[in-house]
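Only heavy atoms go into these numbers, but all of them, side chains included; no hydrogens, no water, no symmetry mates. Quick note on labels: first sequence line is chain A, next is B, and so on, each numbered from 1. Remember, it's a predicted structure, so these values are computed and weren't measured experimentally.
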Amino acid sequence: MDERYTPERVEEQAQTYWDEHRSFDVREDPSREKFYCLSMFPYPSGKLHIGHVRNYAIGDVISRYQRMRGRNVLQPMGWDAFGLPAENAAITNQVPPALWTRKNIEDMKRQLRRLGFAYDWNREFATCDPDYYRWEQWLFTRLFEQGIAYRRESEVNWDPVDETVLANEQVIDGRGWRSGALVERRRIPQWFLRITDYADELLDELDNIDWPDAVKTMQRNWIGRSVGTEIDFDIADEPDLDPLRVFTTRPDTIYGTTFMAVAADHPLAVKVAKSDDKVAAFIDECRRGGTSEAEIETVDKRGCDLGLRAINPFNGERIPIWVANFVLMGYGTGAIMAVPAHDERDHEFARRYGLPIRQVISPPKGSDEIVDVQSAAWTGKEGIVIDSGGYSGLGFDECFEAMAKWLEENDRGVRRVNYRLHDWGVSRQRYWGCPVPIVHCESCGMVKVPDEQLPVVLPDDVDLSGGGSPLAKLKEFVDTTCPICGGPARRDTDTFDTFMESSWYFARFCCADAHSAKLDERADYWLPVDQYIGGIEHAILHLMYARFYQKLINEAGLSRVREPFSSLLTQGMVVAETFYLEEEGKIRYYAPAEVDVEHDARGRSVSARTRSDGKALSIGPVEKMSKSKNNGVDPEDMVARYGADTVRLYVMETSPPDQMLEWSGSAVAGAARFLRRLWQVVRTHTEQEGSTLLRFEDGAPGIDLGSLDENARFLRCRTHETIAKVSDDVGRRYKFNTACAACRELLNEIATYEARCERTGSDEGSRDIRRAVIQEALEAIVLMLAPVIPHICHVLWQALGHREAVIDAAWPTVDESAIVRDEIDLAVQVNGKLRAQIRVAADADRPTIEAAATHNANVLRFIEGKDVKRVIVVPGKIVNIVV
RNA sequence: GCCGGGAUGGCGGAAUUGGUAGACGCGCCGGACUCAAAAUCCGGUACUGGUAACAGUGUGCGAGUUCGAGUCUCGCUCCCGGCACCA
């Protein structure tokens, strides 16, 4: 064992061992319990950032832990390689997207390998490989035949100057990011997948998967199942017009309807606009701005009277019909009955345009709530219907039933379940994506590309400058022949949403080399993913699409599984402090690495200076690592400086995985310090005279457990308590930070034990015991930290006298007999305030505990001369004396 | 705007089922070693008062439930994530 810990040497040694022994190659083995651990694969943006390192360190710790527990672990890695940044880079740097992407993959793969993650690289692929996306095209053609994939018109962000479709992130304050032109919503034909057909299953299955409640709640709300009724309102004096159909979850409030509102692109509004300039102008205005919900929902609620009247089917009342920008064509019927007294958005609109507000629900009997619907909507469902003809006096459920029944009997409406979720639009008017495998023929219409012509390969040489869809401009690509009639035809020039690729990559990892099928039987061995790890930002979209796609895969007979991810861990993002200098109104940010921070005597940061020339800087807030704030930290630099283990330990021990992680340069140095110390402690221990290492193993040179003195028993107790805690933290709680802290404590405990032994002195016999209990504690630490800092543990495990590599070692087990204590400490409170600690026998009964508590000197100061009203004894925890 | 989450010493965080708030670490202070510095090791460190024992205060803000609240309930504030074409 080297005298000093040198991360480069140690890490090269461990990685060489793993490579030579092919430690991470994995095969299906039905005789062993499998564990599929998957971290979300990265977009190859150029360099790994700390967020990636964190994500992959978490996955690696779980994988290595499960392996130590005897599972057959699959941990693969690949590349989410299609996407917008490659096209932007192509335009900026004149590099073809394919080349740029391949170069980035090469760089990032090298960085991942240096970090020592236990991936089976044999299964690696990039989603831009034709061998991958051909199977995406293959399934799409089947979905097209089944009608699950269909084409209809929908809105996109249109930049009228660049004449191109913009992504939502390319629309900034309602303008195109390059041209600066005001963005419009424009309708174009697009491909969709019928995810709404699966809405109920997507909702119900959430109850059966082990995901964070926050994610499940977000998905439930996103699906937005709501039970209501559709109601037809006749339009007064216009016998030629169809009745106006609305959807509402609150038919019980229909007597409070004071206006109707339709979406700007509702057929009724469009029709009126033909003869009404004011309405036409309003509808035109509604088309301004982007398509994102955030943008639409934050615009001022505005509307325009259509001049028509609807007739309330329940009482014949004539109600004005408006067109309003807050009603969306994509939800329900694109029209609503507005009840301002009992709906907040309707209320705001009514107040703005001076429309009447009429209360028809009152709080339940016995409620002292004061309701004034003129000043605010009252939206409670628990009230009683009032002023509503024969329905007055009913509660929500009875009224809903009665009205739904009346509507159905009189053919004026139907019960209806609606979803906020809408079908998945998968078309993109972009180049760097998977081509849609459809051909448009004048005589045969839309025709799927036959299997034998797949994949439809994305051409390499393409002109990305200028507007429009790049593929559409490529004559060689577009012009083809119809697979049915052989006549001239045009290829579809859209590519798929990149969420399509990330919706099934986890399945492909099971059989990445399958040449004749999308998936083979190996997928049934590995799926579902037992543990999925990724950023919380994917809580809704990616995870919903992947769940949906897995159901399609199942129905295509490719997998037995319908839910892809049994358990989910969502990791928080990585943030760092910012430093800046304001000069002539311009703010310049400095990277943390070039800044020295000074502290006062209390430890508070008081000033920051540049390391190079001592210029005074301002200390800014802690923010998400980004280029613009220059607060990013390059993991490669950190690995070069401290080694992979230090970086891994730092990201795992600093905060729990689902919380934000704040980067701190000095705390990283602290992680490095711990590794040096661990190395020294093991080295000092193993290099003591006498090479025989004593252990409490069966058959090993006997150390009689009964001969342990108090100090030795205490260290053994701490060792086994730590094993119990760390097993729970890593295996159940996923609290790696407290697991690492517990291991640090145990290492501190060894030092304390040795100091105690020095004080008491020792003879020959107790020296063996000393070495044995320390050996046991060190082995536990090395085993428990092996998943986090695998390189150093590989070397330390050998130094501790093992021939087997730690990668093949088993997780330590708890010796229950070591952690039995005969005395425990109890806290004593008087009126809820802590006054003393008492030590009692572990099996002491209540009267004994009470007596010990009430006789304690400090407790007596607070209860003397007072009435003891109650004494609460919580076994093993606390005594509270109430006076 | 809507949905979800968060807030605890100077800082990151701990407190697992309502039961001793501040584990572990960073920083800071003091000491040892050294010609000196770095590294390392030892001790201290929520705040206020006190040599100390100890006492008072304290988990974003305001109420409430309880013998007891960081934890539960109600009402706010600020920050973060998502909102369907960023991935």
Side-chain angles (χ1 to χ4, degrees), chain A residues 40 42-43 45 80 83-85 156-157 165-171 212-215 217-218 220-222 224 291-299 301 326 345 421-422 424-425 427-430 497-499 502 535-542 544-545 570 572-573 575 577 597 599-606 621 624 653-656 658-671 673-674 676-677 680 728-729 732-733 735 737-738 740-745 748 751 755 825-829 831-834 837 858 861 869-872 874 876-882:
Chain A
M40 289 180 185
Y43 178 79
S45 53
D80 187 13
L84 211 44
V156 292
N157 301 309
V165 177
L166 297 176
N168 283 337
E169 73 159 3
Q170 298 173 321
V171 180
D213 286 335
V215 177
T217 308
M218 282 191 266
R220 281 192 193 103
N221 292 338
W222 185 260
T291 58
S292 79
E293 191 186 77
E295 199 174 333
I296 291 165
E297 291 279 305
T298 45
V299 295
K301 288 175 188 42
F326 71 94
R345 297 205 296 185
L421 178 72
H422 49 242
W424 176 12
S427 289
R428 299 292 182 265
Q429 294 68 48
R430 312 214 178 283
D497 178 7
T498 55
F499 277 126
S502 55
I536 183 70
E537 66 273 19
H538 296 292
I540 299 179
L541 292 180
H542 161 61
M544 184 81 73
Y545 292 139
T570 49
M573 29 174 231
V575 296
E577 52 196 342
V597 180
H599 303 266
D600 68 6
R602 278 257 180 83
R604 278 185 287 236
S605 309
V606 284
K624 181 175 169 175
E653 77 170 345
T654 300
S655 51
D658 54 348
Q659 258 178 56
M660 256 191 241
L661 175 104
E662 191 185 319
W663 187 263
S664 148
S666 52
V668 178
R673 187 148 59 221
F674 172 76
R676 280 198 296 271
R677 200 171 139 230
Q680 286 310 328
D728 189 45
D729 281 351
R732 180 183 65 90
R733 293 211 306 154
K735 291 268 197 174
N737 55 327
T738 52
C740 294
C743 291
R744 278 178 178 266
E745 272 186 272
N748 294 343
D825 291 322
L826 285 186
V828 184
Q829 297 181 332
N831 285 350
K833 291 202 176 196
L834 182 69
Q837 301 264 353
N858 201 46
R861 288 176 52 207
K869 285 187 187 155
R870 256 174 95 183
V871 179
I872 293 145
V874 183
K877 297 234 164 103
I878 206 166
V879 180
N880 192 9
I881 301 166
V882 187

Mate of B:C83 across any strand shown (Watson-Crick or G-U wobble, both atom pairs under 3.5 Å) is B:G1
Here the gap from A:Arg220 atom CZ to A:Ile540 atom CD1, rounded to the nearest 0.5 Å, amounts to 12.5 Å
Counting the atoms with a prime plus P, OP1 and OP2 as sugar-phosphate, which does A:Asn748 contact under 4.0 Å by heavy atoms, base, sugar-phosphate, or nothing? sugar-phosphate
Ranking B:A21, B:C24, B:A87 by distance to the side chain of A:Arg744, first place goes to B:C24
Value for CD (A:Gln837) from CG (A:Asn858), rounded to nearest 0.5 Å, stands at 11.0 Å
When rounded to whole Å, the CD1 to P distance for the pair A:Ile878 and B:A69 reads 11 Å
For B:G25, the nucleotide meeting Watson-Crick or G-U wobble distances (both under 3.5 Å) is B:C11
Spell out, as yes or no, whether a donor-acceptor pair under 3.5 Å connects the side chain of A:Asp658 to the backbone of A:Thr570.
no
Mate of B:G70 across any strand shown (Watson-Crick or G-U wobble, both atom pairs under 3.5 Å) is none
Any strand, both distances under 3.5 Å, Watson-Crick or G-U wobble: B:C41 pairs with B:G31
Is any N or O donor-acceptor pair between the side chain of A:Gln429 and the base of B:C85 shorter than 3.5 Å?
-> yes
In whole angstroms, the gap separating C1' of B:C83 from CZ of A:Phe499 amounts to 12 Å
Report task. Tell me what A:Leu84 touches on the nucleic acid: a base, only sugar-phosphate, or nothing, going by heavy atoms under 4.0 Å. Result -> sugar-phosphate
For the base of B:A84 and the side-chain ring of A:His422, does the geometry meet a stacking cutoff of under 5.5 Å between centres and under 30° between planes?
yes
A:Arg732 (side chain) and B:U16 (base): donor-acceptor pair under 3.5 Å:
yes
Judged by nearest nucleotide, the residue sitting upstream toward the 5' end of RNA chain B, A:Ala214 or A:Ala827, is A:Ala214
Can A:Lys735 and A:Asp729 be counted as an ion pair, charged N to O under 4.0 angstrom? no
Answer for the Watson-Crick or wobble partner of B:U20, both distances under 3.5 Å, is none
* Indicate, with a heavy-atom threshold strictly under 4.0 Å, whether A:Pro656 touches base, sugar-phosphate, or nothing. => sugar-phosphate
Answer for the Watson-Crick or wobble partner of B:U59, both distances under 3.5 Å, is none
A:Asp658 atom CG is separated from B:G81 atom C1', nearest whole Å, by 13 Å
Relative to its sugar, using the 90° cut-off around 0, the base of B:G30 is anti
Separation of B:G12 atom C1' from A:Asn737 atom CG, nearest Å, is 10 Å
Separation of B:G4 atom C1' from A:Arg220 atom CZ, nearest Å, is 13 Å
Can you tell me, in whole Å, how much space there is between the C1' of B:G70 and that of B:G58?
11 Å
Less than 3.5 Å apart, any donor N or O on the side chain of A:Ser655 or A:Asn737 sitting next to an acceptor on the other? no
Separation of B:C86 atom P from A:Arg430 atom CZ, nearest Å, is 8 Å
Between CG of A:Asn880 and C1' of B:G68 the distance, given in whole Å, is 6 Å
A:Phe499 and A:His542 aromatic ring geometry - parallel, tilted or perpendicular at 30°/60° bounds: parallel
Result for 5'-nearest mapping on RNA chain B, choosing between A:Asp729 and A:Arg870, is A:Asp729
CD of A:Glu537 to CE of A:Met573, rounded to nearest 0.5 Å, is 8.5 Å
Base, sugar-phosphate alone, or nothing: which one does A:Arg733 contact when heavy atoms must sit under 4.0 Å apart? base
Heavy atoms under 4.0 Å, any strand shown: does A:Val882 hit a base, just sugar-phosphate, or nothing? sugar-phosphate
note: A:Met218, atom CE; B:G4, atom C1'; distance rounded to Å ~ 4 Å
